[in-house]
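One structure is given below, encoded as structure tokens.
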Number of protein chains: 2
Amino acid sequence: MLHKEHLGMAIPRRRPQAKTDISAIERICVEKGMRMTEQRRVIAQVLSDSTDHPDVEQVYRRASELDSRISIATVYRTLRLFDEANVIDRLEFGDGRARYEVSDDSSPHHHLIDMKTGRVLEFENDELDKIKNDIADKLGYELVGHRVELYGMPKTGNDDT
Amino acid sequence: MLHKEHLGMAIPRRRPQAKTDISAIERICVEKGMRMTEQRRVIAQVLSDSTDHPDVEQVYRRASELDSRISIATVYRTLRLFDEANVIDRLEFGDGRARYEVSDDSSPHHHLIDMKTGRVLEFENDELDKIKNDIADKLGYELVGHRVELYGMPKTGNDDT
DNA sequence: CTAACTGCAAAGCGTTTGCGATGAG
DNA sequence: CTCATCGCAAACGCTTTGCAGTTAG
């Protein structure tokens with residue numbers, strides 16, 4: 001999993017956020033006229049409790065621990081639903097399966113994938129965000145989405161799990 | 001939430017590159033002790049002639065036109081081979097299938113996907129490349145790969161070339 | 001009560017692979 | 001000749017979906 005980072009630079013770790021997310025998700029479900037089933041509540045719980053970037057299988061396993069009545073089909077359906085409602089973000093790190101994280105518009109970030117351990121680090125960089133927008137603008141586009149992923153090998157001296 | 005639908009026909013928008021690519025690919029094949037079969041030659045030809053970012057199906061179709069004896073399994077195998085030999089780059093724009101382009105170390109670039117037409121624009125940005133490296137470095141990593149994709153909607157007044 | 005939702009199992013889709021046949025070196 | 005490579009079709013891994021039963025509102 002993701003532990004505290006050792007480098008004190010501008011490396012915002014993921015906020016150990018409170019259950020506000022769950023109610024946020026529930027609120028949006030209600031707003032969109034969706035039914036708040038036990039399964040959705042559990043999956044929302046799992047997502048907001050996760051500090052990593054779980055794939056479907058992982059969400060399924062974590063949800064099953066809380067409530068064994070959940071099927072993986074429902075996990076797939078629910079994750080897609082939440083993604084479309086912009087409550088969570090679907091990530092793809094190139095290994096074929098999707099990963100998810102709770103959306104957080106207030107602190108947009110990107111990912112660096114540790115090619116040795118598979119760990120995923122998050123980082124923010126305002127300059128990068130600015131350049132992205134400038135480029136899109138210069139090309140005549142309004143930026144509606146983006147994907148910035150860095151893949152790196154830990155430098156020697158970098159203690160890793 | 002990045003779901004693109006019609007990325008089907010990306011319009012050519014790549015700098016015209018010389019056929020030197022073919023010999024470059026052949027050279028590398030030989031260097032690595034691989035056999036230069038007719039199939040590989042044809043696929044290399046297709047790739048270096050492509051100015052867009054064809055997916056496997058498209059490479060298969062274009063190759064078939066040049067030589068009908070090619071099977072899609074060979075296209076998959078060859079593309080993977082070329083990718084591993086770093087002759088071509090595998091791209092993923094989020095629609096589930098892989099796309100390919102001939103590598104060009106001399107002018108690293110990124111992609112902006114037109115969400116309206118599916119067209120893929122390429123752009124270079126040294127500052128962006130520098131920031132990427134700085135971030136990886138600061139996090140304790142050596143950058144071994146990256147993926148920067150922008151998704152944009154054409155601004156009004158954008159002359160769709 | 002009834003439309004939305006779920007579980008299950010089957011299907012879908014892009015990609016990979018086992019195997020016997022083929023051909024490059 | 002011999003082994004890398006090929007074509008074919010079956011298998012694979014992740015994801016979606018049709019259907020009949022369940023449940024939130």
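In what follows, chains are A, B, ... by sequence order, proteins preceding strands, each numbered from 1.
No side-chain donor-acceptor contact under 3.5 Å links B:His146 and B:Asp129. Judged purely by distance below 3.5 Å, without hydrogens or angles, the side chains of B:His109 and B:Glu124 never pair a donor atom with an acceptor atom. Looking at B:Tyr141 and A:Asp114, their side chains do bring a donor and an acceptor atom within 3.5 Å of each other. Donor-acceptor pairing under 3.5 Å is recorded for the side chains of B:Tyr151 and B:Glu149.
Each of B:Ile72 and B:Met34 has a nearest nucleotide on DNA chain C; the 5'-most of these lies closest to B:Ile72.
The distance from atom CZ of B:Arg61 to atom P of C:dG14 is 12 Å, rounded to the nearest whole Å. A:Arg77 has its CZ atom 13 Å from the C1' atom of D:dT22, to the nearest Å. In this structure, A:Leu81 places its CG atom 13 Å from P of C:dA4, rounding to the nearest Å. Per the geometry, CG belonging to B:Leu79 stands 13 Å off C1' belonging to C:dG14, to the nearest Å. One atom, CZ of B:Arg69, and another, C1' of C:dA24, lie 13 Å apart when rounded to the nearest Å. Rounded to an integer number of Å, the gap from A:Arg97 CZ to D:dG13 P is 11 Å. Taking atom CG on A:Asp83 and atom C1' on D:dC14, their separation rounds to 16 Å, with Å as the unit. Taking atom CD on B:Glu26 and atom P on C:dA24, their separation rounds to 13 Å, with Å as the unit.
For B:Arg40, no side-chain nitrogen or oxygen approaches OP1 or OP2 of D:dA4 to under 4.0 Å. Contact annotation: A:Arg80 side-chain N/O to D:dT17 OP1/OP2 distance is under 4.0 Å. OP1 or OP2 of D:dC6 lies within a sub-4.0 Å distance of a side-chain N or O belonging to B:Thr37. Using a 4.0 Å cut-off, some side-chain N or O of A:Tyr76 falls inside it from OP1 or OP2 of D:dT15.
A:Glu38 comes within 4.0 angstrom of nothing in the nucleic acid, heavy atoms only. Residue contacts for A:Gln39: at a heavy-atom cut-off of 4.0 Å it reaches the sugar-phosphate backbone alone, with no base atom in range.
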Could you give me the CA-CA distance, side-chain angles and deciding distance for B:Glu26 and B:Arg41, then say whether side chain to side chain contact (heavy atoms under 4.5 Å, CB included) is met? CA-CA 7 Å; B:Glu26 287 203 26; B:Arg41 232 182 287 272; 2.9 Å; yes

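Ranking C:dA9, D:dC8, D:dT2 by closeness to the B:Arg35 side chain, first place goes to D:dT2.
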